[in-house]
Amino acid sequence: MTLLATHAPATTPGLRIERLGPALGAVIHGIDLASIDEIAAFDIRRALLAHKVLFFRDQHAFDDDAQVRLGNLLGELTPGHPVGGNHERREIYNIDSSDPEFSFSDVWHTDVTFMKQPPAISILRAVTLPPYGGDTSWADSQAAYDSLSAPFKVLADQLLAVHDGNREWGAFLKKNGGHEWEGEIVTELPAVEHPVVRVHPETGRRGLFVNPGFTSHVSGVSDAESRAILDALYAHLTQPEHTIRHRWAPGDVGIWDNRATSHYANRDYTNTRVMHRVTLRGDEPRGVDGLRAQ
């Protein structure tokens, strides 16, 4: 595990970080994502570890090619999605509300946790926005863990939970087939186990790694105990002091650490909303003392 100095000064001239909260969220000023170099990409990645969600305004020259280029500068791109989406660029997940099979993300979730190696980072670009509505909120899973009571931390540290993509994507996969993920074509979605508390592979911080979108139950406990544990963790994770909300504007780009956050896309619009997302390859989640699914 490599621990980075996440709050070290940026080395890119003109780059300025405007914090949105004490632990979560920042707006990055003074940088053009369409023409950044490796040094600026390093500064962005370091800022992301510190603030977990970054926003960039007025990136009007930032198109699909630039989005793929940025992803390759920040890490290793995955295919757009293991099941959903249809875009001419395999790296891009087209999130289009006008698609009759569009899956709204109006539930708290962390991207693709139903796979053994979920993405590490997501980059989202606003393409077409409704005149109002369609905001996105993020929750800080690390701040949520830090503010748990000591006895609940001890309990959560020991637990594994099951993540099941069939709840959201099973019918779609059966009808349309899947895409490539981790070198294989997805033909089924077997449930996977991840630690309830994930240790961040770059910072060493602990965070809650369960979400209502894909987590079905806690392993090794009764159904009633599982519901009680998850309900308590979800209520705690999404307390207002752990969250931020972003109102999208033309030219906006958002980048978030998928290992340290959950997010929720408001379903409060009727006009078309189109967003393009790319994700960076992640690792198999590890828990406290190396806890992971066997």
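These values consider heavy atoms only, across backbone and side chains, with no hydrogens, waters or symmetry-generated copies.
Looking at T272 and S97, their side chains never bring a donor and an acceptor atom within 3.5 Å of each other. Neither side chain, T279 nor N258, offers a donor N or O lying under 3.5 Å from an acceptor on the other.
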Subject >> R90/E180 under side-chain contact (heavy atoms from CB on, under 4.5 Å): CA gap, chis, key distance, verdict >> reply: CA-CA 9 Å; R90 66 185 293 272; E180 187 266 334; 2.7 Å; yes
**OP:** Would you check, one step at a time, whether the test side-chain contact (heavy atoms from CB on, under 4.5 Å) holds for Q117 with T78?
**Re:** CA-CA 11 Å; Q117 293 185 208; T78 70; over 6 Å; no
Subject >> Test log, rule side-chain contact (heavy atoms from CB on, under 4.5 Å), inputs W256 and T136 >> reply: CA-CA 12 Å; W256 64 92; T136 305; over 6 Å; no
**OP:** Apply side-chain contact (heavy atoms from CB on, under 4.5 Å) to I36 and R69, showing your working.
**Re:** CA-CA 9 Å; I36 70 167; R69 177 176 177 270; 4.3 Å; yes
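Taking the six-membered ring for Trp and thresholds of 30 and 60 degrees, H194 and F209 have ring planes more than 60 degrees apart, a perpendicular arrangement. Ring geometry for Y264 against W108 counts as tilted: the plane angle lies between 30° and 60°, on a 0 to 90° scale.
Each salt bridge (Lys or Arg N to Asp or Glu O under 4.0 Å) pair with one or both residues in residues 245-257, not counting sequence neighbours, appears once here: R57-D252, D135-R245, D135-R247, D257-R259. Within the structure, no pair that satisfies the salt bridge (Lys or Arg N to Asp or Glu O under 4.0 Å) test touches residues 211-232, not counting sequence neighbours.
Looking only at side-chain heavy atoms (C-beta outward), W169 and N176 stay at 4.5 Å or farther from each other. Side-chain contact between L160 and V196 is absent, with no heavy-atom pair separated by less than 4.5 Å. Two residues are said to be in side-chain contact when any heavy atoms from C-beta on lie closer than 4.5 Å; F56 and F62 fail this criterion. With a 4.5 Å cut-off on side-chain heavy atoms, L237 and S141 count as touching. For the pair L208/L148, a side-chain contact is recorded, criterion being any heavy-atom separation below 4.5 Å from C-beta on. Residues P118 and D111 fail the side-chain proximity criterion, which asks for heavy atoms closer than 4.5 Å. The shortest side-chain heavy-atom distance between T215 and Y234 falls under the 4.5 Å cut-off. A 4.5 Å side-chain heavy-atom check between R206 and D146 finds every atom pair outside the cut-off.
Note on W138 and V107: separate hydrophobic clusters, where clusters join Ile, Leu, Val, Met, Phe, Trp and Tyr whose side-chain heavy atoms are under 4.5 Å apart, directly or indirectly. There is a path of hydrophobic side-chain contacts, each under 4.5 Å, that joins F152 to V197. If you chain together hydrophobic residues whose side chains sit under 4.5 Å apart, V278 and V274 never meet in one group. By the criterion of side-chain heavy atoms lying less than 4.5 angstrom apart, applied directly or through intervening Ile, Leu, Val, Met, Phe, Trp or Tyr residues, F172 is grouped together with W181 in one hydrophobic cluster. Hydrophobic clustering of Ile, Leu, Val, Met, Phe, Trp and Tyr side chains at less than 4.5 Å, counting indirect connections, keeps V127 apart from M275.
Side chain of R273 to backbone of I95: no donor-acceptor contact under 3.5 angstrom is found. Q142 places no side-chain N or O within 3.5 Å of a backbone atom of G207 that could act as its donor or acceptor partner. Within the 3.5 Å criterion, the main-chain N or O of D96 finds no donor-acceptor partner in the side chain of N94. Using a distance-only test at 3.5 Å, with no hydrogens or angles considered, a donor-acceptor pair links the side chain of R45 to the main chain of L74. Proximity of a side-chain donor or acceptor of R19 to a complementary backbone N or O of P22 within less than 3.5 Å is detected. Side-chain atoms of Q59 come within 3.5 Å of backbone N or O of L33 as a donor-acceptor pair. Of the possible polar contacts, none joining the H217 side chain to the V162 backbone as a donor-acceptor pair under 3.5 Å is found. Under the 3.5 Å distance criterion, the side-chain polar atoms of H179 are matched with a main-chain donor or acceptor of V83.
Atom OH of residue Y93 and atom NE2 of residue H276 lie 11.5 Å apart, to the nearest 0.5 angstrom. Rounding to the nearest 0.5 Å places CZ of R198 at 15.0 Å from OH of Y145. Interatomic distance, CZ of R46 versus CD of E202, reported as 12.5 Å (0.5 Å rounding). To the nearest 0.5 Å, atom CD of residue E182 and atom NZ of residue K116 are 10.0 Å apart. Summarising the geometry, atom OG belonging to S216 is positioned 9.5 Å from atom CD belonging to E193; distances are rounded to the nearest 0.5 Å. Separating the NZ atom in K153 from the OG atom in S147 is a distance of 7.5 Å, to the nearest 0.5 Å.
A salt bridge is defined here as a Lys NZ or Arg NE, NH1 or NH2 lying under 4.0 Å from an Asp or Glu carboxylate O, and D63 with R125 fails to meet this definition. No salt bridge links D140 with R205; every basic N to acidic carboxylate O contact stays at or beyond 4.0 Å.
Of all the heavy atoms in G204 and V199, the pair that sits closest is O-CG1, 3.7 Å. Residues S226 and V221 come closest through the heavy atom pair N-CG2, 3.7 Å. Minimum heavy-atom separation, A26 to I17: CB-CG2, 3.8 Å. When all heavy atoms of P285 and P195 are compared, the closest pair comes out as O-CD, 3.7 Å. Among all heavy-atom pairs drawn from I185 and G178, the shortest one is CG2-O, 4.2 Å. The minimum heavy-atom distance between H200 and A260, with the atom names listed, is CD2-CB, 4.4 Å.
For the pairing with I255, the side-chain contact (heavy atoms from CB on, under 4.5 Å) check across I28, V53, I123 returns one residue only, I123.
For an aromatic pair to be called close, the ring centres must be under 6.0 Å apart, and Y269 with W248 fails this.
Residues satisfying the salt bridge (charged side-chain N to carboxylate O under 4.0 Å, His left out) test with E241, not counting sequence neighbours, are none.
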